Amino acid sequence: MIVIVLGAPGSGKGTQCKEIAKEYKINHISMGDIFRKNIEQKTKIGVEAESYINEGKLVPDDIAIFTLETTLNNDIDLLKGVVLDGYPRTLIQAKSFDKYLEEKNLKVDKVINLTISDQEIVSRVVNRRICSNQECGEIYNLKNNPPKVDNICDKCGAKLIKRKDDNEKTALNRVEVYHAQTEPLIDYYNKKGILTTVMGMGNLEDTVNSIREILDLQT
Ligand code: AMP
């Protein structure tokens, strides 16, 4: 099963993708996590991507496509299935991904479109905290999903951190970028008949259940 989760920043993509990967025992690719790891390790990709990410812009398509395909070729067994979190984010990426899959006789099976209002996005983003332990990477929100102990991950006990790009100014840029460059993908996948929209605003468990119902029809 190849699943894409689309959604604005703060829509809960990361949290939902982790759930999907765990429940259906498929791979999880978070493009944002891959870029952050590259930045930390100061790789060529990291150096090229950093300023775009810090300004809330998209990393150029050629770099994003190269990064995704390298990850798929080296680390991922597509036959086991994958849920893509934050990829594709432009029509160019979507079309290139379709071509990449076609060459392997595969296709995108399902696209989940997580919706959230623009007002909610900024609040979600500035209140987001993530586990500093990359192996864990649990995602919290100080308002609607806080850790049990301040600044400590419930799951692994590591410290929680705030992403550098999770500030109000960058969040507003990311909202604009989302509407201009990523939203057209809704129409692209809708026309293929594989997109389902799920409200990302409600309670976490309700969203998980709605996605489960959609994916259970697929498996
Ligand atoms: P995320 O963790 O999904 O919020 O992504 C963080 C940042 O990484 C985004 O704001 C972009 O700057 C960059 N990024 C992640 N995925 C992509 C992509 N598919 N194409 C271009 N830039 C991306």
Side-chain angles (χ1 to χ4, degrees), residues 2-18 20-21 28-41 43-72 76 82-98 100-101 108 111-114 116 118 120-132 134 136-141 160-186 188-189 200:
I2 298 178
V3 184
I4 290 170
V5 178
L6 288 180
S11 59
K13 283 192 307 296
T15 307
Q16 297 300 332
C17 286
K18 273 175 183 287
I20 294 170
H28 173 197
I29 296 185
S30 158
M31 277 305 276
D33 283 353
I34 294 173
F35 284 133
R36 282 184 286 277
K37 204 167 176 183
N38 274 279
I39 292 171
E40 204 181 293
Q41 294 171 350
T43 66
K44 188 165 177 277
I45 288 174
V47 171
E48 285 174 340
E50 188 169 15
S51 60
Y52 294 99
I53 294 178
N54 289 344
E55 286 172 34
K57 294 179 183 159
L58 291 186
V59 175
D61 281 329
D62 56 340
I63 302 176
I65 291 169
F66 173 80
T67 306
L68 187 265
E69 291 189 359
T70 307
T71 305
L72 291 177
I76 301 289
V82 67
V83 56
L84 287 170
D85 165 1
Y87 194 96
R89 263 173 150 115
T90 65
L91 274 174
I92 290 176
Q93 292 177 16
K95 287 178 183 167
S96 128
F97 186 48
D98 281 346
Y100 177 91
L101 292 178
V108 176
V111 180
I112 308 286
N113 172 37
L114 272 181
I116 176 176
D118 284 1
E120 181 80 8
I121 292 175
V122 179
S123 152
R124 288 255 190 120
V125 163
V126 297
N127 285 298
R128 174 162 52 196
R129 298 292 182 273
I130 55 171
C131 177
S132 56
Q134 281 176 6
C136 171
E138 192 66 7
I139 305 165
Y140 296 87
N141 186 287
L160 301 186
I161 50 171
K162 187 172 174 175
R163 275 168 45 176
K164 204 171 167 186
D165 59 341
D166 276 350
N167 59 67
E168 191 167 341
K169 183 169 175 280
T170 307
L172 289 169
N173 286 345
R174 285 154 70 198
V175 174
E176 267 183 42
V177 165
Y178 174 76
H179 288 310
Q181 294 183 261
T182 308
E183 227 164 42
L185 298 186
I186 296 174
Y188 178 75
Y189 289 119

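None of the values given here were measured: they were computed from a predicted structure. Indexing begins at 1, ligand by ligand and atom by atom, following the structure's order.
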With sequence neighbours excluded, what pairs up with Thr182 under the side-chain hydrogen bond (donor to acceptor under 3.5 Å, both in side chains) test?
none
For Arg128, the side-chain hydrogen bond (donor to acceptor under 3.5 Å, both in side chains) test, sequence neighbours excluded, returns Asp166
With rounding to the nearest 0.5 angstrom, report the OG1 to CG distance, Thr170 to Asp165.
6.5 Å
Under 3.5 Å side-chain donor-acceptor pair for His28 and Asp33
no
I'd like the atom pairs linking ligand 1 to the protein - N or O on both sides, separation under 3.5 Å - with distances to 0.1 Å.
| unit_1 | atom_1 | unit_2 | atom_2 | d |
| --- | --- | --- | --- | --- |
| ligand 1 | 2 (O) | Arg36 | NH1 | 3.0 |
| ligand 1 | 2 (O) | Arg36 | NH2 | 3.0 |
| ligand 1 | 2 (O) | Arg163 | NH1 | 3.1 |
| ligand 1 | 2 (O) | Arg163 | NH2 | 3.4 |
| ligand 1 | 3 (O) | Arg89 | NH1 | 3.1 |
| ligand 1 | 3 (O) | Arg89 | NH2 | 3.1 |
| ligand 1 | 4 (O) | Arg163 | NH2 | 3.0 |
| ligand 1 | 12 (O) | Lys57 | O | 2.6 |
| ligand 1 | 16 (N) | Gly86 | O | 3.2 |
| ligand 1 | 16 (N) | Arg89 | NH1 | 2.8 |
| ligand 1 | 19 (N) | Gly86 | O | 2.9 |
| ligand 1 | 19 (N) | Gln93 | OE1 | 3.0 |
| ligand 1 | 20 (N) | Gln93 | NE2 | 2.9 |
| ligand 1 | 22 (N) | Val59 | N | 3.0 |

Where Ala94 and Tyr188 come nearest, the two heavy atoms and their spacing
CB-CE2, 3.8 Å
Can you name the residues that form a side-chain hydrogen bond (donor to acceptor under 3.5 Å, both in side chains) with Glu138, not counting sequence neighbours?
Lys155
